[in-house]
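Letters A, B, ... mirror the listed sequences (proteins, then strands); counts begin at 1. All heavy atoms count here, side chains included; hydrogens, waters and symmetry mates do not.
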Protein chains: 2
Amino acid sequence: MARTTGSDGEKTEAAVREAAVSLIARLGYEAMSMRQLAAEVGVQAAALYRYFPTKEDLLFTLMREHMEGLLKAWEAARPATADPVTRLAAYVENHIAFHIERRHATHVSNMELRSLSHERLTQILKMRTTYEKELRTILRDGAETGLFQVDDTGLTAMALIQMMTGVIVWFRPGERLSVAEVTTTYLFMTMRLVGAKIDGREVAHVHEYAQLRT
Amino acid sequence: MARTTGSDGEKTEAAVREAAVSLIARLGYEAMSMRQLAAEVGVQAAALYRYFPTKEDLLFTLMREHMEGLLKAWEAARPATADPVTRLAAYVENHIAFHIERRHATHVSNMELRSLSHERLTQILKMRTTYEKELRTILRDGAETGLFQVDDTGLTAMALIQMMTGVIVWFRPGERLSVAEVTTTYLFMTMRLVGAKIDGREVAHVHEYAQLRT
DNA sequence: GAATTAATTGAACGTTCGTTTTATTAGTAT
DNA sequence: ATACTAATAAAACGAACGTTCAATTAATTC
């Protein structure tokens, strides 16, 4: 046999991407075989090579587009105001929303970096650094204006990102907590962690902060 | 050829464990071949099977002993006092010290869970849950006595553990920060995050807390 | 020093891997 | 209808994988 009825390149490629993210997240990149991926799509392994020249190209494409999506999402969500508290809140909300919505892709981008060539690894890490720098800038601005009590900007940024991204490890949609509840709690924990002052004083309880959210 | 001069089972097994942790941390479990591991030890691949019946047995052994070590370390470090602030501080200090000291093994235990059989995965996760429960208990005790301001004990425990374990991602011994400096900063961030009261008031600056450390 | 045990080698097994090549069919344009 | 292009199947490639087995040598025991 050969070309199947109703076959469509665009649809097949999209199906390959989707199945690849899911399979790599579940099994890991090395453990997933091209034959397994092909079977999930409903196609023979050779057909995959029409869309991605190598297995690593497939992985890199998924990662690059994930990181581009993250940067684009933040560009769209970034508030115009200079107020560090508002900016930090927007960063946290965007980060959590994006990562919960794309749990599998985030898993892939965070766990499979070592399967990339040196050059491509550098490319992905550059994007990641760009994203993390945004948070460091917010923290620095907040610390300089006295709104935040941050001891070490770089260390605090790493701690916050690790804490926030960790959501994807345990969060399951439709369980005990909603996305909104999780986000509120994380926002509050973040503001406490950086010692943020709102209306001139530190926020003592989560309910106070929840009311401030727009 | 066969048995080599000066060969010793105990030494070889120890060398295999050490090389395996290092190689799996760097390449990933699936990507590391038994031949690669054998070469690192300076032995033929077949010799490995004298010590570990399968590749998965090797992985499981490394993980189980890592988790057992973590639980043992906490049992030794756990303070006798009932004071939640002291207990939380001890938990943070022990967690960070242990994970920095065994960065590679932690990497393996956290990243390669999916390569375990269902039964063994359950075994490892049970140990992990036991360890995490210790933190939840501390947070609950602190919240009940009004010393902590914690909205959701389970969620806060996960956030803290993710934040602390994240140290191994960016921390490199001998660089900008010492282990002591990192620990102090993390201790402070933790106390801020849970809204801990010391001597009846919240700690505003890292220097205040650093002085309280024993 | 002979017998036994411990530790390892070297070669091989069957399987699976990523990938390539060639042929074949479905859709599209002329 | 015919020519052309897009999309796939089927089969095969060499390489590498985890693992096993028999042979061999070092160390130990008697």
Are [X] and [Y] close enough for a salt bridge, meaning some N to O gap below 4.0 Å?
{"X": "A:Arg87", "Y": "A:Glu134", "result": "no"}
{"X": "A:Arg64", "Y": "A:Glu68", "result": "yes"}
{"X": "B:Arg120", "Y": "B:Asp57", "result": "yes"}
{"X": "A:Arg50", "Y": "A:Glu13", "result": "no"}

Next on the checklist: Run the salt bridge (charged side-chain N to carboxylate O under 4.0 Å, His left out) test against B:Arg176 and tell me which residues pass, sequence neighbours left out.
Outcome noted: A:Asp152
Checking [X] side chain against [Y] main chain: does a donor-acceptor pair fall under 3.5 Å?
{"X": "B:Gln162", "Y": "A:Met164", "answer": "no"}
{"X": "B:Arg192", "Y": "A:Met189", "answer": "no"}
{"X": "A:His99", "Y": "A:His95", "answer": "yes"}
{"X": "A:Tyr131", "Y": "A:Trp74", "answer": "no"}
{"X": "B:Glu93", "Y": "B:Ala90", "answer": "no"}
{"X": "B:Lys55", "Y": "B:Met32", "answer": "yes"}
{"X": "B:Glu112", "Y": "B:Tyr29", "answer": "yes"}
{"X": "A:Glu56", "Y": "A:Ser117", "answer": "yes"}
{"X": "A:Glu132", "Y": "A:Thr129", "answer": "no"}

Scan nucleotides 26-30 of chain D against the protein and return all N/O pairs shorter than 3.5 Å with their distances rounded to 0.1 Å.
| residue | atom | partner | partner atom | Å |
| --- | --- | --- | --- | --- |
| D:dA26 | N3 | B:Arg3 | NH1 | 3.3 |
| D:dA27 | OP1 | B:Gly6 | N | 2.8 |

Rounding to a whole Å, what distance do you find between [X]:[atom1] and [N]:[atom2]?
{"X": "B:Glu30", "N": "D:dA16", "atom1": "CD", "atom2": "C1'", "value": "14 Å"}
{"X": "A:Glu10", "N": "D:dA7", "atom1": "CD", "atom2": "P", "value": "9 Å"}
{"X": "B:Lys55", "N": "D:dC17", "atom1": "NZ", "atom2": "P", "value": "9 Å"}

Please give me every residue in [range] whose heavy atoms get under 4.0 Å of an atom in DNA chain C, ordered by residue number.
{"range": "residues 58-66 of chain A", "value": "none"}
{"range": "residues 107-116 of chain A", "value": "none"}
{"range": "residues 31-53 of chain B", "value": "B:Arg35, B:Val43, B:Gln44, B:Ala46, B:Ala47, B:Arg50, B:Tyr51"}
{"range": "residues 12-26 of chain B", "value": "B:Thr12"}

Checklist entry - Under 6.0 Å from the CD atom of B:Glu65, do we count more than 12 heavy atoms belonging to anything else shown? => result yes
